[in-house]
Amino acid sequence: MKDQLPTHTLKVCRGAAHCPHAVLGRDLTAELEEVIVASGWPEFLAGMNRPIRHHHQFRVAVASCPNGCSQPHIADFGLIAFARIGALPERCSGCGHCVAVCAEKALHLADAIELDASRCLGCAACARVCADKALRVDETGYRVVLGGKLGRHPRLAHELGFYSLPQALEILGNVLNVLMEQRRPGLRLGELIEKTGREEFDRRVRP
């Protein structure tokens, strides 16, 4: 008899502790595991009285920066570390280093630095290179993305919003509760979101 698959998987960025690009350098495995266990998901899925297959597992992925990891976008629940950048134009010397490192073209140099927050992905590269402290990290947290999956009908996760870690963990618990309420074996979160409607689902899981 083959070993039973686990009820969930956690993929946490390997660069969390040492990568120079990490926005938030911490391993969230313990916190995520605690929420999943407390929700009752392991007992719920195991209690379905059928073998657990890969598409039954609840998948969680965490990226410590927004620099290209695809895992959160194809997981049921994804976290992407994000830094909110603040600008102090009066300190800007006009060196242009921040403009050069910004891959999103969110920074423009006129008389002083200007930040287009709608284009910023929160990688904090600009703040790291600004010797004048004209750009700074005002807040860090996580972009929460939901409902990603591969398979025959792939779906990229959609973004719920920017949250602190405690809020993100609360959302994870809410998501699992809503998923368990549906009680259909093999139901993927992305399918449930499409069935429920994104706006209604998001309303139900927000903290």
Side-chain angles (χ1 to χ4, degrees), residues 2-16 19 21-24 27-33 35-37 39-82 103-104 121-123 142-163 165 168-169 171-206:
K2 292 183 178 179
D3 292 337
Q4 180 81 305
L5 290 174
T7 61
H8 55 279
T9 64
L10 300 176
K11 289 187 177 180
V12 177
C13 178
R14 290 179 297 177
C19 177
H21 303 293
V23 174
L24 285 166
D27 185 338
L28 300 182
T29 302
E31 289 99 327
L32 294 166
E33 185 72 28
V35 172
I36 294 171
V37 170
S39 75
W41 172 258
E43 294 83 1
F44 171 81
L45 190 58
M48 287 290 185
N49 295 320
R50 63 182 63 200
I52 296 173
R53 303 187 184 280
H54 289 287
H55 61 281
H56 298 153
Q57 295 174 311
F58 188 83
R59 294 178 171 85
V60 178
V62 182
S64 297
C65 75
N67 290 338
C69 177
S70 64
Q71 292 301 314
H73 299 288
I74 57 174
D76 295 295
F77 182 88
L79 295 178
I80 304 169
F82 184 91
E104 306 307 314
L121 289 185
C123 68
Y142 294 91
R143 292 163 52 203
V144 176
V145 294
L146 303 174
K149 67 186 185 77
L150 295 177
R152 294 181 65 180
H153 302 285
R155 179 187 192 271
L156 288 179
H158 75 270
E159 185 160 341
L160 185 68
F162 170 77
Y163 296 95
L165 178 58
L169 294 174
I171 293 167
L172 174 58
N174 293 342
V175 166
L176 286 165
N177 287 334
V178 171
L179 184 58
M180 287 187 288
E181 286 171 6
Q182 305 306 307
R183 297 184 181 276
R184 179 160 70 80
L187 177 68
R188 291 297 301 274
L189 184 65
E191 297 174 54
L192 177 58
I193 292 170
E194 296 298 327
K195 177 183 175 182
T196 306
R198 175 177 161 179
E199 289 186 6
E200 173 61 17
F201 186 88
D202 290 357
R203 182 191 66 79
R204 294 181 68 184
V205 302
R206 282 196 174 100

Start with the C-alpha distance between R206 and I171, add both sets of side-chain angles, then the distance that settles side chain to side chain contact (heavy atoms under 4.5 Å, CB included), and finish with yes or no.
CA-CA 6 Å; R206 282 196 174 100; I171 293 167; 5.8 Å; no
Close side-chain approach of S64 and V23, heavy atoms under 4.5 Å:
no
Testing the 3.5 Å rule here: is there a donor-acceptor pair between the side chains of H153 and E191?
no
For a quick test of reading the model, state the closest non-hydrogen atom pair linking L5 to H54 and the distance between them.
CD1-N, 3.6 Å
Decide yes or no on side chain to side chain contact (heavy atoms under 4.5 Å, CB included) for L28 and L169, but give the supporting numbers first.
CA-CA 10 Å; L28 300 182; L169 294 174; over 6 Å; no
CZ (R152) and NZ (K149) are apart, to the nearest 0.5 Å, by 10.0 Å
R155 side chain vs G147 backbone, donor-acceptor pair below 3.5 Å:
yes
Would R188 and D76 count as a salt bridge (charged side-chain N to carboxylate O under 4.0 Å, His left out) here? Give the steps.
CA-CA 8 Å; R188 291 297 301 274; D76 295 295; 3.2 Å; yes
For residues H56 and W41, report the shortest heavy-atom separation together with the two atoms involved.
O-CZ2, 3.7 Å
So R203 and R198, do their side chains get closer than 4.5 Å, heavy atoms only?
no
Residues E199, D202; criterion side chain to side chain contact (heavy atoms under 4.5 Å, CB included); working and verdict
CA-CA 5 Å; E199 289 186 6; D202 290 357; 5.9 Å; no
Do F82 and F162 make the cut of ring centroids closer than 6.0 angstrom?
yes
Just wondering, do P66 and R143 contact through their side chains at under 4.5 Å, heavy atoms?
yes
Is any side-chain heavy atom of L176 closer than 4.5 Å to one of F77?
no
Which atoms form the tightest heavy-atom contact between A157 and P72, and what is the distance?
CB-O, 3.9 Å
With the side chain counted from C-beta on, respond yes when L172 and L32 share a heavy-atom pair under 4.5 Å apart, and no when they do not.
yes
Could you tell me the separation between the OG1 atom of T7 and the CE atom of M48, rounded to the nearest 0.5 Å?
11.5 Å
With V62 as partner, the option from I80, L10, L79, L24 fulfilling side chain to side chain contact (heavy atoms under 4.5 Å, CB included) is L79
Under a 4.5 Å cut-off applied to non-hydrogen side-chain atoms, are L165 and Y142 in contact?
yes
Any donor-acceptor N/O pair, S39 side chain to I36 backbone, under 3.5 Å:
yes
Between L179 and L192, does the side chain to side chain contact (heavy atoms under 4.5 Å, CB included) criterion hold? Intermediate values first, please.
CA-CA 8 Å; L179 184 58; L192 177 58; 4.0 Å; yes
Within the supplied structure, the quantity of interest is the number of heavy atoms (other residues, nucleotides, ligands) at a distance under 6.0 Å from E200 CD; does it exceed 12?
yes
Flag the pair R59 / H8 as yes when at least one side-chain heavy-atom distance between them is below 4.5 Å, and no otherwise.
no
Taking all heavy atoms of V145 and all of E159, pick out the closest pair and write down the distance.
CG1-CA, 3.9 Å
What closest approach, in Å, do I52 and Q57 show between heavy atoms, and which atom pair accounts for it?
CG2-CG, 4.2 Å
Side-chain contact test, heavy atoms from C-beta onward, threshold under 4.5 Å: evaluate it for F201 versus L146 and give yes or no.
yes
Do you know which two heavy atoms are closest between V205 and N174, and how far apart they sit?
O-ND2, 3.0 Å
